[in-house]
Amino acid sequence: MHFSHISIGGGITGLETIISAFINIQRKLKKSKKIIFAIIDKNPENIPGGVAYGFKISQFGYFNNPIRLSPVQFTKWLIKKENKKKIISYLKIHGGYTGKDWIKKNINILYSSKIKQINELYIPRTIANFWMEQRLLWLISKMKKISKKNSIIFDLKFFKGEVLAIKNLKDNYHKIIFKNNYCEMLQYKIIKNSFKKIVFEKNKRISEPIFSKTQNIGLGLPPPKQLATTRAQKNNYYIWDFYSHGSTSDLINKILQINKIKKKIRVYFIGYKAGLLESLPELKKIILKKKIKIEIICSSKDLVSIQEAKLSLNKKSYKLQVFKKKKLFNIRTAKKLYLSIMKEFELSYSLGYKKYDAWTQILNNKILDKCIKNFSYREKKQYYDFFYNRVRNVTRFTYPETIIAREKLLKMKILKTKKEIVKKVDNLKGQLIVETKNNNNKINKYICDLVINVSGPLNVGTLKNEIPLINDLRKNGAKILSGGFVVNNYFKISGIKNIYTPGILARGFNPERKTIIKAILENSQKAGESIAKTLINM
């Protein structure tokens, strides 16, 4: 089976890249041609939200930033009355205790005519899935209409399978290699009056090889480092990849299972940032409502966490002090940009504001983008390779309710923090053993009922056997720098032919620190534009 383009991963990057390529091809292609797209995902339920915005996987997750920092096209869709109803309907059925609380606190704001109020809402991540699903249905419909009227034939196919490798051939095609040589073609049906409008069903196993001219890779967030022994990995109560396993929903189900047979539960979180925080609001409610006796331990080497994305109560918005328009041209180095951010934060605090007030204005005024444009090639490299991570570490903000839940659980002494590094997770007679080392090199061991590894994703440079496809690309010449694939301005990977990655696998995929969904949308549109040009000229 031969395809023009294949998106490996059915999330936002996979779909938006195809939409962009389709739009550009239909505008610019002047002759008869057959353009066949395909999406491959090992879990079809993730189409089109991916792991981050999946209908089930991100059940209790909320965006880290309010609506005002969302992409404009998403916001325009969101403020329509029928889509506001979707938020309420979804939370009533799938939102758990935290969803019901959200409705009580925010329903009047959601339906308010004051855009400023609506803009400050934090909404469930799954809502992006509904938006992407609508875009997918639009794409399918548009392809059918154009194919009937024009000489250009468009089609879109769906497959289930795990891609292990992409083999470059001499005739402009790549061969897609699947795990266990297993791949299924999927059929879909469109259901009216349902949350999930498009449902994928198994059709038949594909025995013939699959080829494509261009590929896009959007595999979502890479897993953390595997710290468990082989026997611990087989324990059902060790969660290695929190998000792909089902996130908070899966975690709570496991806790409830253990609670049926044990009077007291000990849970260990390896990590102190996003994965831990996301689960706490609903987990706190479950613990209190069901009176579960539980001890939750979380650890990291420094216990530095994410800050709450909440503006101060000042009536006037914060005015930038360091990043005044006249001063921007003088920020010519990556180090000075980083130090300027730190200085702006200090000044905002001294004036009675929060860091998030200053950061909001930095984002609104596109300060990072303006400064980076003034950098020399050498300074841009310095920023991508070193200072970007330092900037990211001090500008990570999250849904405030997660911080409130953490502080509540700490106060109740249910949640306990440890400044230590986990060296190993083992399994002994059905019990999980977490072995740690603190700053004084003291070894501690914890007998746990449930262990969750949320220590942070590996980067492209450190991934080994966790994602075989990444390993294959590296072996075949894909260039890597600073933990990411080196890409051009259209997110084509350097060193290999016609393979794109507009998401977090790319080096410098979001230098301006926009919201993730905004960066991915913009990057995917650029990748689609380049893919269209390639396919038109082939």
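Just so it is clear, the model here is predicted, and its values are computed rather than measured. One is the number of the first residue; the rest follow in order along the sequence.
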Can you find a side-chain donor-acceptor pair between Tyr268 and Ser299 that sits under 3.5 Å?
yes
- If you measure only the distance, is there a donor-acceptor pair under 3.5 Å linking the side chains of Ser58 and Thr126? yes
Between the CD1 atom in Ile306 and the CG atom in Asn393, the distance rounded to the nearest 0.5 Å is 10.0 Å
Between Thr501 (side chain only) and Ile217 (backbone N and O only), is there a donor and an acceptor less than 3.5 Å apart? yes
Rounding to 0.5 Å, atoms CD (Glu522) and NZ (Lys514) come to a distance of 3.5 Å
Side chains of residues 405-419: which donor-acceptor partners sit under 3.5 Å, not counting sequence neighbours?
from   : atom 1 : to     : atom 2 : distance (Å)
Arg406 : NH1    : Ser305 : OG     : 3.0
Lys416 : NZ     : Glu295 : OE2    : 3.1

Chi angles and distances behind the salt bridge (charged side-chain N to carboxylate O under 4.0 Å, His left out) call for Asp385, Arg507 | CA-CA 9 Å; Asp385 296 348; Arg507 172 181 177 259; 2.9 Å; yes
Within the 3.5 Å criterion, strictly below it, is a donor on Asn523 or Tyr500 matched to an acceptor on the partner's side chain? no
(Q) Whether Glu45 and Lys196 form a salt bridge (side-chain N of Lys/Arg under 4.0 Å from carboxylate O of Asp/Glu) is what I want to check. (A) no
For a quick check under 3.5 Å, do Glu16 and Ser524 share a side-chain donor-acceptor pair by atom type? no
Worksheet item: For the side chain of Asn253 and the backbone of Ser249, is there at least one donor-acceptor N/O pair under 3.5 Å apart?
Response: yes
In terms of heavy-atom contacts, Arg125 and Tyr53 come closest through O-CD2, 3.6 Å
field: Donor-acceptor side-chain pairing of Asp357 and Thr360 below 3.5 angstrom
entry: no
Name the atoms and distances for all side-chain donor-acceptor pairs under 3.5 Å in residues 282-290, with sequence neighbours left out.
from   : atom 1 : to     : atom 2 : distance (Å)
Glu282 : OE1    : Tyr97  : N      : 3.2
Glu282 : OE1    : Thr98  : N      : 2.9
Glu282 : OE1    : Thr98  : OG1    : 2.7
Glu282 : OE2    : Tyr97  : N      : 3.1
Lys285 : NZ     : Asp101 : OD2    : 2.6

Inset, instruction - I would like to know whether Glu512 and Lys366 meet salt bridge (charged side-chain N to carboxylate O under 4.0 Å, His left out); could you show each step before the answer? - result: CA-CA 7 Å; Glu512 300 92 354; Lys366 300 181 179 180; over 6 Å; no
* **Asn314 side chain to Gly352 backbone, donor-acceptor under 3.5 Å** => yes
Which of Lys355, Arg513, Arg390 passes side chain to side chain donor-acceptor pair (under 3.5 Å) with Thr395? Answer is Arg513
Using 30° and 60° as the class limits, which term best fits the ring planes of Trp77 and Trp131: parallel, tilted or perpendicular? tilted
Rounded to the nearest 0.5 Å, the CD atom of Glu308 sits from the OG1 atom of Thr402 at a distance of 8.5 Å
Across all chains, not counting sequence neighbours, the salt bridge (Lys or Arg N to Asp or Glu O under 4.0 Å) partners of Lys81 are none
